[in-house]
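Okay, structure first, notes after.
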Amino acid sequence: MHLVIFDLETTGLSPARHEIIQIAAIRMRAGRILTEETFATFVQPTQPIPAQISGYTGITRAHVGDAPRPAEALVAFSRFVGDATLVAHNGHRFDLPFIHATCARHALPVRPVTYIDSLALSRQLWGGRGGHGLDAVMARLCLSLPDARRHDARGDVQILAETVRQMWSQLSPDFQTCPVTRNPGSIAQ
DNA sequence: GCTAGGCAGGAACCCCTCCTCCCCT
């Protein structure tokens, strides 16, 4: 199965009120993380980045000042995605709604995609007990990637890709079948 | 902890609705 694992950093939690400031993605085929096939860009928001978000993500005005505008960044991301199935942690309620809202705000034409929420992999594997946040999943898998910085999309996507690989291998070792629901979504054309 | 939004699981109850917690920046 051809997957693109991705992560967004944003200026807040509300797709209606906040903006994307960073996109990172990494490709996975048949259970292999293709570390040479990555995508990463900062995105220039129309509003200033709140101080608490700069503190949380490390992303400041200096990072996004010359970055592509949202439309340009989302089209480039779409090209990278190709015909892959997208994967994001809490993507059903966070990343995909942010992409939908950003496309709508900038009147960007969209195309259908399928996506998997990696929260569902965690719930499938460990049931309702305990948390399913990325930190909790990492702890359960005893996973530590010292070079991957949390809350930087490039670091989070490395961590997420490895957690997805490990969870998937426990649920469907041959990587041929998808162990959780694939949802319909849309991204920029 | 707040923002938005409503999954998933459990309780109460008998089949759907309500409630609480969750998860993302």
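First the proteins, then the strands, lettered A, B, ... as listed; each starts at 1.
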Which part of the nucleic acid, if any, lies within contact of [X], taking any heavy atom under 4.0 Å across all strands shown: a base, the sugar-phosphate backbone alone, or nothing?
X: A/L8; result: sugar-phosphate
X: A/G12; result: base
X: A/D135; result: nothing
X: A/D7; result: sugar-phosphate

Using whole Å, what does the distance between atom [atom2] of nucleotide [N] and atom [atom1] of [X] come to?
X: A/H132; N: B/dT20; atom1: NE2; atom2: C1'; answer: 15 Å
X: A/R123; N: B/dC24; atom1: CZ; atom2: C1'; answer: 12 Å
X: A/L96; N: B/dC7; atom1: CG; atom2: P; answer: 14 Å
X: A/H92; N: B/dG6; atom1: NE2; atom2: P; answer: 8 Å
X: A/I21; N: B/dC24; atom1: CD1; atom2: C1'; answer: 13 Å
X: A/D95; N: B/dG5; atom1: CG; atom2: P; answer: 16 Å
X: A/I99; N: B/dC24; atom1: CD1; atom2: C1'; answer: 13 Å
X: A/F94; N: B/dC22; atom1: CZ; atom2: P; answer: 18 Å

Roughly how far apart, to the nearest Å, are [N] and [M] at atom [atom1]?
N: B/dT17; M: B/dT3; atom1: C1'; value: 27 Å
N: B/dC22; M: B/dG10; atom1: C1'; value: 14 Å
N: B/dC14; M: B/dC2; atom1: P; value: 34 Å
N: B/dC13; M: B/dC18; atom1: P; value: 14 Å
N: B/dC7; M: B/dC23; atom1: P; value: 15 Å
N: B/dC21; M: B/dA11; atom1: P; value: 13 Å
N: B/dA12; M: B/dC19; atom1: P; value: 13 Å
N: B/dC16; M: B/dC24; atom1: P; value: 33 Å

Any non-hydrogen side-chain atom of A/T114 less than 4.5 Å from a side-chain atom of A/P184?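 The answer is no, as the side chains (C-beta and beyond) never meet within the 4.5 Å cut-off.
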Worksheet item: When the nearest nucleotide of DNA chain B is assigned to A/A16 and to A/A136 on a heavy-atom basis, which residue is associated with the more 5' position?
Response: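 This one resolves to A/A16.
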Review point. Does NZ or CZ of A/R27 fall inside the cone over A/F80's six-membered ring, less than 6.0 Å from its centre and within 45° of the axis?
Key: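 Here A/R27 passes the 6.0 Å and 45° test against A/F80.
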- Query: Is A/D135 salt-bridged to A/R150, cutoff N-O under 4.0 Å?
  - Reply: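 Looking at A/R150 together with A/D135, the answer is yes, because their closest N to O distance falls below 4.0 Å.
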Check your understanding: Is the shortest side-chain N to carboxylate O distance from A/R165 to A/E162 below 4.0 Å?
Key ->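 Here A/R165 pairs with A/E162 in a salt bridge, since their nearest N and O are under 4.0 Å apart.
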* Hydrophobic side-chain clustering at under 4.5 Å (ILVMFWY, transitive links): who's grouped with A/I53? Put none if nobody. =>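 So far as hydrophobic clustering goes, A/I53 is joined with A/I21, A/F42, A/I49, A/I59, A/V64.
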Just wondering, more than 12 heavy atoms not from A/R111 lying within 6.0 Å of its CZ?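 Count over threshold, so yes.
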Please check if the side chain of A/T85 supplies one atom and the backbone of A/Y115 the other of a donor-acceptor pair under 3.5 Å.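 Not at all, since once roles are kept as given, no pair shorter than 3.5 Å links the two residues.
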Inset, instruction - Kindly say whether A/A67 contributes a backbone atom to a donor-acceptor pair with the side chain of A/Q44 at under 3.5 angstrom? - result: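 Looks like yes, one N/O pair under 3.5 Å.
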Of all the choices, [options], which nucleotide is nearest to the side chain of [X] once you look at every atom?
X: A/L13; options: B/dC23, B/dT25, B/dC7; result: B/dT25
X: A/H18; options: B/dT3, B/dC23, B/dC7; result: B/dT3
X: A/R93; options: B/dG5, B/dT25, B/dC7; result: B/dG5
X: A/S14; options: B/dA4, B/dA8, B/dT25; result: B/dA4

Subject >> Qualifying residue, where the test is side-chain hydrogen bond (donor to acceptor under 3.5 Å, both in side chains) with A/Q22 and the options are A/T57, A/T10, A/D156, A/D152 >> reply: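 Answer after filtering A/T57, A/T10, A/D156, A/D152: A/D152.
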task = Please list residues of residues 52-61 of chain A whose heavy atoms come under 4.0 Å from any atom in DNA chain B, ordered by number; otherwise none.
result =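 Here the set is A/I53, A/Y56, A/T57.
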